[in-house]
Structures are given as structure tokens and as C-alpha cells.
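These notes concern the structure reproduced below.
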Amino acid sequence: MVKVINYIDRATDSLLLLFFLLLFLIGGYTMYDTVLVYNLADGDEFRSFRPAVVDEEHGWDMSALSEDVVAWLTVDDTNIDYPVLQGSDNTEYLNKDPFGKYSLSGSIFLDARNARDFSDSYSLIYGHHMEFGKMFGALDKFLDEDYFDTHRTGTLTVSNKVYSVKFFACLEADASVDEIFDSTEAKVALKYVKEHAPILREPEGDKLIALSTCKFPQTTERIVVFGVLKDEQ
């Protein structure tokens, strides 16, 4: 009987050891995976492709990353400095990086209904809201008026064009608002913005761009920052 009890004790100890070892391995992998996701979201491995000089005749070879790269977006004094992709629909780049590989951080991407050359009067760009300002994680800071007023500039490079970006409004809206999320017309979006944006400055132009991200995971609330595009070339 004693031998049986000792055997059960040893077996129990072995199972407990195996259980805690498994928990340790799972925890270690989870930490590794989290670090990997945020490293990819940081965008450092993409920035060697950032266009330094744009040739007006030949443009910038955006296919160096992927044939779906349509632009490069930089928002001054933030972590937003990424290539902009465009998929066949608005889910393709939710979990795919600019190299076409699976990634939880996804990519910054242009609405599938917009013209890839940004010739629409209103273009909408999406990105995940991530911690530490990664991807579009910095957009919630624009809800603070002081922050907004000191971070109103950026650049959008599209093939052989370089646009300056001047942000003029920030608001929170549900993803069901058609005027923002189901239109390519600047007049439609601008009317809604002027009626609902708590932070609003006079737009210095009529070619609009909007940057959108989730306010909270698993909700339909969005933070949207609006800007005006001006051709610098």
C-alpha cells in the first residue's frame, strides 16, 4: 500500500512539474509573440524603402515592398511613418504586413473604394490602434486640443507626387456613419465634420484625407483625424 501511495505521489509531482513547465513555455511564447508583433508594428524594417527623393518623371518605385503599396504616409513628430497599402477589400491588410506576410499588426491601408493615386476629393486611410503609438496608436492623442495644435503637419508621397498634409479636425464616430466611411466625396465628409467635430480648424484646401483607427478593441467606435492634401510638386 505504501509503495502505491509513493508511486502516486511521484506521478503527481511529475504531472505538476510538466504542467508548470507547459505554462512557462506558453508564457514565454506569448511574450515572444507580443514583442514580435510590436517590433513589426514599429515599421523599422520597412523604412529603408521610404522615398527620399521622388523623380517627377519616373516617380517612386512603390513595388519594392509590394505591388499593393500606393503611398507613404508620415505624420510629423509621431510614430506614424509607414507605407500605405490597398487591398481588394478592406479586410485584406488587417492582418497582413507590407511584405504580404501574416501579421497581427497588419498594415496602414487605403480604403478599397478610393483611387490608388489619391485623385478622389476624399481619401480614407485605416490602421490598427496599438500601444506605444504604433501604427495608428497615436491618433487618440489628437483628441487633446493642445496636442492637436502642435501636430498638424505631415507628408504623403504618391508615386511621382509629394503632398503636404495639414490636419484641421478630429472627432469620434461610429463606423456606421456613411458620410465618413462610405463616401469618396469631400463635400459629404466635410459637412459632417463641420457639424460634429469638437476640434475643428478652417481647412486650407478642398482635397481631403482622413486617418481612422478603432477607439477600443471589439467596438465600432472610431477616432478620425482629417487633413487637407496639397501637391508640393
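Everything quoted here is computed from the prediction, not taken from an experiment.
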Closest heavy-atom pair, Val70 versus Phe118, reported as atoms and distance to 0.1 Å, is CG2-CE1, 4.1 Å
Under the 3.5 angstrom rule, does the side chain of Lys134 hit a backbone N or O of Ile80 as a donor-acceptor pair? no
Can you tell if the side chain of Leu211 reaches within under 4.5 Å of the side chain of Val224, non-hydrogen atoms only? no
According to a 4.5 Å side-chain heavy-atom criterion applied to Ile, Leu, Val, Met, Phe, Trp and Tyr, with indirect links allowed, do Leu190 and Val188 form part of one hydrophobic cluster? no
Ser212/Leu124 under side-chain contact (heavy atoms from CB on, under 4.5 Å): CA gap, chis, key distance, verdict: CA-CA 7 Å; Ser212 172; Leu124 179 59; 4.0 Å; yes
Qualifying residues under side chain to side chain contact (heavy atoms under 4.5 Å, CB included), relative to Ala186, sequence neighbours excluded: Ser121, Tyr122, Leu208
Lys207 side-chain N/O to Asp120 backbone N/O, donor-acceptor pair under 3.5 Å: yes
When you measure from the side chain of Asp81 to the backbone N and O of Thr74, does any donor-acceptor pair fall under 3.5 Å? no
So do Val69 and Val84 actually touch side chain to side chain, heavy atoms under 4.5 Å? no
Taking Lys230 for the side chain and Glu204 for the main chain, is one N or O donor matched with an acceptor at less than 3.5 Å? yes
Just wondering, do Phe167 and Thr153 contact through their side chains at under 4.5 Å, heavy atoms? no
Gln86 and Asp68: CA distance, side-chain angles, deciding distance, side-chain contact (heavy atoms from CB on, under 4.5 Å) verdict: CA-CA 5 Å; Gln86 186 180 45; Asp68 288 338; 5.7 Å; no
Dump the intermediate steps for side-chain hydrogen bond (donor to acceptor under 3.5 Å, both in side chains) on Asp111 and Tyr126, then the final yes or no. CA-CA 7 Å; Asp111 193 290; Tyr126 303 92; 2.7 Å; yes
Pairwise side-chain contact, Pro98 with Pro83, heavy-atom cut-off 4.5 Å (strictly under): yes
Going from CD1 on Ile108 to OH on Tyr82, what distance comes out if it is rounded to the nearest 0.5 angstrom? 6.5 Å
Please name the pair of heavy atoms, one in Ser123 and one in Leu110, separated by the smallest distance, quoted to 0.1 Å. CB-CD1, 4.0 Å
Answer yes or no: are there more than 12 heavy-atom neighbours, outside Asp206 itself, under 6.0 Å from its atom CG? no
Looking only at heavy atoms, the pair that brings Phe168 and Val193 closest together is CE1-CG1, 4.1 Å
Reported SG-to-CE distance for the pair Cys214 and Met130, which is rounded to 0.5 angstrom: 12.0 Å
Nearest-0.5 Å distance that lies between atom NZ in Lys141 and atom OG1 in Thr78: 8.5 Å
Could you report the tightest heavy-atom contact between Arg222 and Thr219, atom names first, then the distance? NH1-O, 3.1 Å
Donor-acceptor under 3.5 Å (Asp97 side chain, Gly100 main chain): yes
With rounding to the nearest 0.5 Å, note down the distance linking CG in Leu85 to CD in Glu67. 10.5 Å
Using modelled atom types only, decide if a donor and an acceptor are shared between the side chain of Asn90 and the backbone of Ala112 within a distance under 3.5 Å. yes
If you group Ile, Leu, Val, Met, Phe, Trp and Tyr by side-chain heavy-atom gaps below 4.5 Å, do Ile209 and Ile199 land in one group? yes
Tell me which donor-acceptor pairs under 3.5 Å the side chains of residues 175-183 have, and how far apart each pair is, sequence neighbours excluded?
residue	atom	partner	partner atom	Å
Ser176	OG	Asp174	OD2	2.7
Asp182	OD1	Arg113	NH1	2.4
Ser183	OG	Glu185	N	3.0

For the residue pair Val165 and Leu229, establish whether any side-chain heavy-atom pair is separated by less than 4.5 Å. yes
Apply side chain to side chain contact (heavy atoms under 4.5 Å, CB included) to Leu94 and list each qualifying residue two or more places apart in sequence or on a separate chain. Thr91, Phe109, His128
Are Leu200 and Val228 grouped together when hydrophobic residues (ILVMFWY) are joined by side-chain heavy atoms under 4.5 angstrom apart? yes
What one should report as the nearest heavy-atom pair of Cys170 and Ala197 is O-CB, 3.9 Å
CH2-OG distance between Trp72 and Ser159, expressed to the nearest 0.5 angstrom: 15.5 Å
Is there a donor-acceptor pair closer than 3.5 Å between any side-chain N or O of Thr184 and the backbone N or O of Asn114? no
Using a strict cut-off of less than 4.0 Å between a Lys/Arg side-chain nitrogen and an Asp/Glu carboxylate oxygen, indicate whether Arg201 and Asp149 qualify as a salt bridge. yes
Distance check, rounded to the nearest 0.5 Å: Thr150 atom OG1 versus Asp144 atom CG? 8.5 Å
A cation-pi test, strictly: NZ or CZ of Lys96 under 6.0 Å from the centre of the six-membered ring of Tyr93 and no more than 45 degrees from its axis. Yes or no? yes
Can you list everything that forms a ring pair (Phe, Tyr, Trp, His ring centres under 6.0 Å) with Phe226? Sequence neighbours excluded, please. none
Among all residues two or more places apart in sequence or in another chain, which pass the ring pair (Phe, Tyr, Trp, His ring centres under 6.0 Å) test with His151? Tyr147
Residues that Asp140 engages under side chain to side chain contact (heavy atoms under 4.5 Å, CB included), provided they are two or more places apart: His129, Ile223
Looking at Asp76 and Gly154, what are the two nearest heavy atoms and their distance? OD2-N, 3.7 Å
